[in-house]
Number of protein chains: 2
Amino acid sequence: MEKLDDIDLKILRILQKNSKKTTKEIAQMLNLTASPVYERIRRLENKGYIKKYVALLDKIQLNRPITAVCMVSLRYHNEGFIEKFESQIKELKEVQECYHMAGKVDFFLKINLQSLDAYHEFVRLKLSKIENIGVLESYFVLKEIYSTTEFFI
Amino acid sequence: MEKLDDIDLKILRILQKNSKKTTKEIAQMLNLTASPVYERIRRLENKGYIKKYVALLDKIQLNRPITAVCMVSLRYHNEGFIEKFESQIKELKEVQECYHMAGKVDFFLKINLQSLDAYHEFVRLKLSKIENIGVLESYFVLKEIYSTTEFFI
DNA sequence: GTTGAAATTTTATCAGT
DNA sequence: ACTGATAAAATTTCAAC
């Protein structure tokens, strides 16, 4: 499979919306039988187009209502320092996302927590222990207007 | 089910990592049989703890390598204006996430695109058409260091 | 709230086109 | 690359405890 055809893209669009759709259901949507759909999905998995299958949980019901975005700038930007920072961040279970950014800010972190108190403790006990952080600016999510793992393909 | 017990939490931890695990496999991990695991999962779905099951796709392989974070402030903050903005944003297929924030910036948007050119077009043709935007600041992801849909429960 | 068995559905394989 | 059939496995239901 060197390139994806239209059927592959349709399968991916379906699965990123709802991975519980059965191959039979997908086959019916595409006017095919189950076998080719099954084989295409296996190939899409094996080639890495599909990375994984996950359940998305409800943050509010599971008592993680606080989402913070943390903008971090490092003091030193040598390669070693950046790698050190990145590996330290990956250790923090509260961090859901970490991006190295272009521009005046070096990193964006997205953090999920139970309470503002927990965020205070997180910064005090964990982030501030990371040596190389220069500037740290925190933003809090008031309301999630829209959020999806899908992207337009 | 008024409260989640330890078994429920373990099931949720497993499923948010890999929703393809079978009830039988989960049952073995928890020293149970398939039936109670099956029924617990149904309840977790019905009560909304599990929102949905999705396939996570590879942005790079699917030619959406550009992720931008866009910080937006509105000109007018009456309730009507905010709702209008939110509903207009939801229409834009390029927007993966939109958060109403506390502080000087009103909204964070996360946007996925094929190229910087596509971002330029997106801002020119779509974002700038939304009337109520005051300030718009764009940041680009150089590298995704870490990103997960899981959160710590 | 669990076990264990049975019924149903889905996944996986494969010969034929 | 797909169809249709078949085998294997998982899901779903349920009686009994």
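In what follows, chains carry the letters A, B, and so on, assigned in the order in which the sequence lines appear, proteins first and then strands, with residues in each chain numbered from 1.
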Rounded to whole angstrom units, what separation is found between the [atom1] atom of [X] and the [atom2] atom of [N]?
{"X": "A/Asp5", "N": "D/dC2", "atom1": "CG", "atom2": "P", "value": "7 Å"}
{"X": "B/Ile26", "N": "C/dT2", "atom1": "CD1", "atom2": "C1'", "value": "17 Å"}
{"X": "B/Asn31", "N": "C/dG1", "atom1": "CG", "atom2": "C1'", "value": "16 Å"}
{"X": "B/Glu39", "N": "D/dT11", "atom1": "CD", "atom2": "P", "value": "14 Å"}
{"X": "B/Ile7", "N": "C/dT3", "atom1": "CD1", "atom2": "C1'", "value": "14 Å"}
{"X": "B/Ile11", "N": "C/dT2", "atom1": "CD1", "atom2": "P", "value": "9 Å"}
{"X": "A/Gln28", "N": "D/dT3", "atom1": "CD", "atom2": "P", "value": "12 Å"}
{"X": "B/Ile41", "N": "C/dT2", "atom1": "CD1", "atom2": "P", "value": "12 Å"}

Heavy atoms from C-beta onward define the side chain here; which of [options] lies closest to that of [X]?
{"X": "A/Thr33", "options": "D/dT3, D/dC14, D/dT12", "value": "D/dT3"}
{"X": "A/Pro36", "options": "D/dT11, D/dC2, C/dT10", "value": "D/dC2"}
{"X": "B/Lys24", "options": "D/dA10, D/dC2, C/dT10", "value": "D/dA10"}
{"X": "A/Tyr38", "options": "D/dT3, C/dT11, C/dT3", "value": "C/dT11"}
{"X": "A/Arg40", "options": "C/dA12, C/dT3, D/dC2", "value": "D/dC2"}

Q. Closest nucleotide of DNA chain D for A/Lys20 versus for A/Val37: which of these residues is on the 5' side?
A. A/Val37
Q) With sugar-phosphate meaning primed atoms plus P, OP1 and OP2, does A/Leu30 contact a base, only sugar-phosphate, or nothing at under 4.0 Å between heavy atoms? A) nothing
Q. Is the distance from OP1 or OP2 of C/dG1 to the nearest side-chain N or O of B/Arg42 less than 4.0 Å?
A. no
Q) Side-chain donor-acceptor pair under 3.5 Å between B/Glu144 and B/Tyr146, yes or no? A) no
Q | Side-chain donor-acceptor contact under 3.5 Å, B/Tyr99 with A/Thr67 | A | no
**Q.** Heavy-atom pair with the smallest gap, counting every atom of A/Gln96 and B/Thr149
**A.** NE2-O, 3.3 Å
Q) If you draw a 6.0 Å radius around NZ in A/Lys51, do more than 12 non-hydrogen atoms from other residues or ligands fall strictly inside? A) yes
Q.
Would you call the rings of B/Tyr76 and B/Phe81 parallel, tilted or perpendicular, taking 30° and 60° as the class edges?
A. tilted
Q: Go through the N and O atoms of the side chain of B/Ser35 and the base of C/dG1, and report whether any donor-acceptor pair is under 3.5 Å.
A: no
